[in-house]
Each structure stands twice: as C-alpha cells, then as structure tokens.
Amino acid sequence: MTDAPRPIADAVRQRLARRHRAEGRFQAFGAGAILLAIAFLGVLIGSIIVQSTGAFTSYTLTVPVTIEREIADPRGDLSEASLRRGSYNQLLQRALQAEIPAADTRAELRDLFSLYSGLNAASIMRRVVADPSLIGQEIAVSMPVNHEIDLYLKGVTVREDRLPGEGTLSVDGATGEVTLSAATPAFARFVARIRAQAEQERASALEIARRAEAQAEAAPSRDEREAALAAARRALGDAERFESIIDPETSILLGPRTASLLVRINDGVVSVSAVSPDGLTAQGRVLLPLASDTPSADWTEWVIETPSASRRVNDQQAVYARTLEERGLVEQRFNTRLFLNADSREPELAGVMGAFIGSILTMFVTMLLAVPIGVGTAIYLEEFAPKTRLTGFIEVNINNLAAVPSIVFGLLGLAVFINAFGLPRSAPLVGGMVLALMTLPTIIISSRAALRAVPPSIREAALGVGASRTQAVFQHVLPLAMPGILTGSIIGLAQALGETAPLLMIGMVAFVADAPSLGLAGLTQPATVMPVQVFLWSGASERAFEMRTAAAILALLTLMIVFNAAAIYLRRRFERRW
C-alpha cells in the first residue's frame, strides 16, 4: 500500500481542521449560553435579594405601659367580655405622651400617635385577657413603628444630613416662634446649598418652559396650544420663584418645595422658616422645647433635603422619631412579624404565615389527590390497558390537557366545585382539588415515561419465573420506575405551588387577616397561598410592600428549591442501575 497523494491528504487535513473549528465554536457557544443564563439568574436573584433586605429588619418602638383598671376593665368585673372592651389604644397614647410631654396640641398629638399603628393595641388586649393580673401593673410593650416612619429611619424615602454647627448660636425665646442669631455666618453652608439647588431647579424650569413654547408653536389644534402655553407659564413661574432664592440680597424662605432646616440646640429642635441672606440669623418654630435661651456653641445643623411636599413624614414626625431613637426606645430589630403574622392592611404588621400555611394545606390536598390517581392511571395505561381506539383517545386527551392554560382549570373548579357542589370559596380544599386537576396530566405523562424506561427484560424475567402480571408490575417494574415517578410527581407539585391564575378564579385572592388552622379544620377555612400573596402585595400602594413582596418571592423560591431538592434526593435514594 502506498501513501495517499499529497493533495488528498491536504484536503483531509483541511476538512478535519474545519470540523475541529466548528466543534470548538459549538462548545464556545454552549459555554457562552450557560454563562449568560447564570448571569441572568444571578441578576434576577441579586435584584430580589437587594429589594428584600429592608423587609427582614424593622424599627420597633418599646414603651412602658401602665394597664389602668378603669380603661382596661370598663365593667370592673375582670371578665373576658369586659377586658375585650377595654380602650388599649388609649393606654398606648398615654404611654407615648409621657415620653414626649411637650406634645400637647391636637396637631402635635396627631403627629406623635402616627408613629405607630392603632392595630398594635390588640396585642396588649390579648396579653391582658390571657393574664388579668397585669391590670394595675406597668408592662413593656414592643410594637413596630408606622411603615412610613420605618422607611424614613432606614433612609429609603428621605435624604437628610446632620452636621455640627459652626459658631455660637443665641436664641430669642424658648417656645413658639423664635429667632436664632450668631456673630458669624452660622447658616452659610445651608444658604449655599439652597442656592445651588435653586440654580439647578431654575435651569430645569426654563428648559421645560422652552420645550412647552416649542410644542405650542407646533401644536396642530388650539386646545393643545393653550395647554402647552399654560405649562410654559407654570414653568416660568417656578423659574421666577427660584430666582428669588438665588438673589443674594433676599432672605431665603423655606416651604414645602424646599429642603427643611432643623436646628438641634439646648435639648430642643427648631424648624427654620427663613434665613437671612448673609446666614447670620434665622427665624423658626420650636418643635421640641429648648432647655434655655442662653447662647450655645454645641448645636447641630439638621438638613432634610427631600422637600416636605415629596415625602409622607413631616418635620415634626421626624423629630419625634429621632428623639425616641436617641433615647433607645426605637431600635432596629429582626422582623419576626414577617414570618409569624398573617396578612394585614398595615405593611409593618403584614407577614407570610397565613399564605405559608395555606400553601401547605393546598399542596397537601393536591398531593393526596394527584399523585395516587396520576400514578395509578399511568400504571393502568402503560401496563394493563389494551391498545384500542378508546385508550388512544384517552392518551391523546391527556397529552392535550398538559398544554391547557392553567386558568381554564380555575374556571372548571369555579363551575364544578363551587357553583355545582357548593364547596367554600377561598378554601385550601378547593384550591388543592383545582391544582390536582392541573397537575394530573404532568404526573401521568412523567410516570408513564418512567415505566416505559424500565427494560422489557425485567417484565419477561418476572413472568418467566411464574409471577403474575400484577406481581411483575408492582414488585419489579414499579420499584425500578419509582425514582422517575417521584421526580416527575414532585416537579409537577412544585409547578402547582407557583400557580396563581387558577386560584384567583376560586377566590383565593381574598384578603385573609388570620392564618388558617394547620390541620383538617383548616382545609375549609379562608386562606391564600404564597403566589397570590405576592400578587396582592405587588399591587399595594404603600412603598413598604415592595420590600415585603421581594421577601415573599424569596420565601416562595425557597419552597420551590426544597421541592426540587427533595426530588433530586429521592431520585438518588431509590435509583437502581441495570
């Protein structure tokens, strides 16, 4: 045999080189796709974690509350009915007013009592009803602060800055309207900051006016032209207002659309309303009484950069919250209520416990119905059913049901289980039955695939040694197919755990303030599930629910990971090789 001609060998080498390059590109594309998927997953999980971090901690207000008998026990007989009629919110208000005795006007008391939700009084009632001996005693009551105050203390909704004051301040007065004065420009930093912000706002307003005038010139109709001119006039008015702030000869007037300047001096707080152009004097209103009107070199310049018109926490509430925080009565703690409470209209009291228990009960019903029926159907169709047109028709429809949108099963459950059979709405029993119908095709298909994967020799060997068809299936084929059956079943249940649309149709979108009982009685009690809870919170108007929505998503993902980890474990635990 002679060597191949050189041209043929070169052609072979070239084809091999092209094939190797193609294989290399294919491997690079595969690795790139995997890395891209991991990057997207990392961004998704990372963004959820970042958004949810604020939900795992909350600021808690702790005050000593005296359980006065005439308020907690209006009938005076210590009966449960009398104790439940007590005005426990009044006890909380008295305890909080004792911490800030300077709050005496109606507006100040309203700002003080807005630091917490009145629903917290129910926790005191439950403690007193459980132990009537607490009447007449002083107890420490811990409760979450209002969600707006919580976001403020976390620095989410309000930008603020506190710096040591420069120079010595003199105060003319101790309550009401006061005047702050200094020998040096004590407020020069604030004046410069306000004028710099005014310059930016003025430039922005002029740009808006220019664009509005251009739109008016190009407007096709008279109404659009008038609307554009009105917007231009408003922008020019804003620009003129900012010009008055920029003017170095004009005093700076602070209002709802400017930053707030608070001065902490002599154990009190003054809200500044006007500052002289040179920064030597300022006029303001006392928010916390001053200890004296003597000059002080120890003062703090507290600037709240977010205008009061753009925030839900006013200056008085901010002062009360920071004062209680400095006294150690407001502390940031781990938010156990997120995991122990059911849903609530108040974000600071809302938790996922009700949805978590509802998910467990719903998945219990789903598993109890879908797994035995689905596996039994798969065994019959794969091992015992004759191959007729009827069985072929059934198999085709099972495959079609696996592709039916989930909301259709919700409509079926609404029409059959609720309207026809009269089962309770928003109950885990009905939710589990609907999800079982939705999961059945998936379990049947995956179980049939697992049974089909068992080699025919196993069946033939069992039948050859005298086993019946039933013995061969249940004692030999089924144990070998069990890993695949369990994997398919658990993955189907995990998919059902994340479903929302079919449950919305049967009323599980309802607001449920109390968690259902973790038992058979809870199957017919009103409940919701984790995906629906996420849906409800995502549509809430309060910003605090954004963090809790992300935290609920993490809890739901944790349940999904647990389900899938269980599938992997069971597969490896029961897997047999042949």
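These figures come from a predicted structure and were not determined experimentally.
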What salt bridge (Lys or Arg N to Asp or Glu O under 4.0 Å) pairs are there with at least one residue in residues 105-122, not counting sequence neighbours? none

At what distance, to the nearest 0.5 angstrom, does CD1 of Ile194 lie from CZ of Phe242? 10.0 Å

Please step through side-chain contact (heavy atoms from CB on, under 4.5 Å) for the pair Ser359 and Met530, ending with a clear verdict. CA-CA 6 Å; Ser359 294; Met530 292 294 295; 3.4 Å; yes

With side chain to side chain contact (heavy atoms under 4.5 Å, CB included) as the test, pick out the partner of Leu61 among Met143, Glu331, Glu99. Met143

Cut-off 3.5 Å, no hydrogens considered: what does the side-chain donor-acceptor table look like for residues 247-272, sequence neighbours left out?
unit_1: Asp247; atom_1: OD1; unit_2: Glu249; atom_2: N; d: 3.2
unit_1: Asp247; atom_1: OD2; unit_2: Thr250; atom_2: OG1; d: 2.9
unit_1: Thr258; atom_1: OG1; unit_2: Gly255; atom_2: N; d: 2.8
unit_1: Thr258; atom_1: OG1; unit_2: Gly255; atom_2: O; d: 3.1
unit_1: Ser260; atom_1: OG; unit_2: Arg311; atom_2: NH2; d: 3.0
unit_1: Ser260; atom_1: OG; unit_2: Asp315; atom_2: OD1; d: 3.4
unit_1: Ser260; atom_1: OG; unit_2: Asp315; atom_2: OD2; d: 3.2
unit_1: Arg264; atom_1: NH2; unit_2: Glu326; atom_2: OE1; d: 3.0
unit_1: Asn266; atom_1: ND2; unit_2: Ser292; atom_2: O; d: 3.1
unit_1: Asn266; atom_1: ND2; unit_2: Thr294; atom_2: O; d: 3.4

Show every salt bridge (Lys or Arg N to Asp or Glu O under 4.0 Å) that has at least one partner inside residues 143-152, sequence neighbours left out. Glu148-Arg312, Asp150-Lys154

Hey, could you give me the CG/CD1 distance between Leu557 and Ile45, rounded to the nearest 0.5 Å? 5.0 Å

Look at Arg195 together with Glu199 and state whether they make a salt bridge at an N to O cut-off of under 4.0 Å. no

Is the shortest distance from a Lys or Arg side-chain nitrogen in Glu325 or Arg322 to a carboxylate oxygen in the other one below 4.0 Å? yes

Derivation and outcome, side-chain contact (heavy atoms from CB on, under 4.5 Å), residues Tyr116 and Val145: CA-CA 5 Å; Tyr116 72 97; Val145 300; 5.8 Å; no

Is there a side-chain hydrogen bond (donor to acceptor under 3.5 Å, both in side chains) between Ser221 and Asp223 once you walk through the steps? CA-CA 6 Å; Ser221 65; Asp223 292 340; 5.6 Å; no

Nearest-0.5 Å distance that lies between atom CG in Asn335 and atom OG1 in Thr60: 7.5 Å

Applying side-chain hydrogen bond (donor to acceptor under 3.5 Å, both in side chains) to Glu138 and not counting sequence neighbours gives none

Would Arg210 and Glu213 count as a salt bridge (Lys or Arg N to Asp or Glu O under 4.0 Å) here? Give the steps. CA-CA 5 Å; Arg210 185 189 64 80; Glu213 291 174 351; over 6 Å; no

Answer yes or no: are there more than 12 heavy-atom neighbours, outside Phe535 itself, under 6.0 Å from its atom CZ? no

Arg162 and Glu301 ion-paired at < 4.0 Å: no

Report the C-alpha separation of Val330 and Leu324 in whole Å, then their side-chain angles, then the decisive distance to 0.1 Å, and conclude whether the side-chain contact (heavy atoms from CB on, under 4.5 Å) test is met. CA-CA 6 Å; Val330 173; Leu324 294 174; 3.7 Å; yes

Is the shortest heavy-atom distance from the side chain of Arg202 to the side chain of Glu243 under 4.5 Å? yes

Glu348/Arg337 ion pair, N-O < 4.0 Å: no

Applying ring pair (Phe, Tyr, Trp, His ring centres under 6.0 Å), which residue pairs with at least one partner in residues 303-324 are found, sequence neighbours left out? none

Report the residues that fulfil side-chain hydrogen bond (donor to acceptor under 3.5 Å, both in side chains) with Ser142, sequence neighbours left out, ordered by chain and then residue number. Thr62

I need the Thr105 OG1 to Leu112 CG distance, nearest 0.5 Å. 10.5 Å

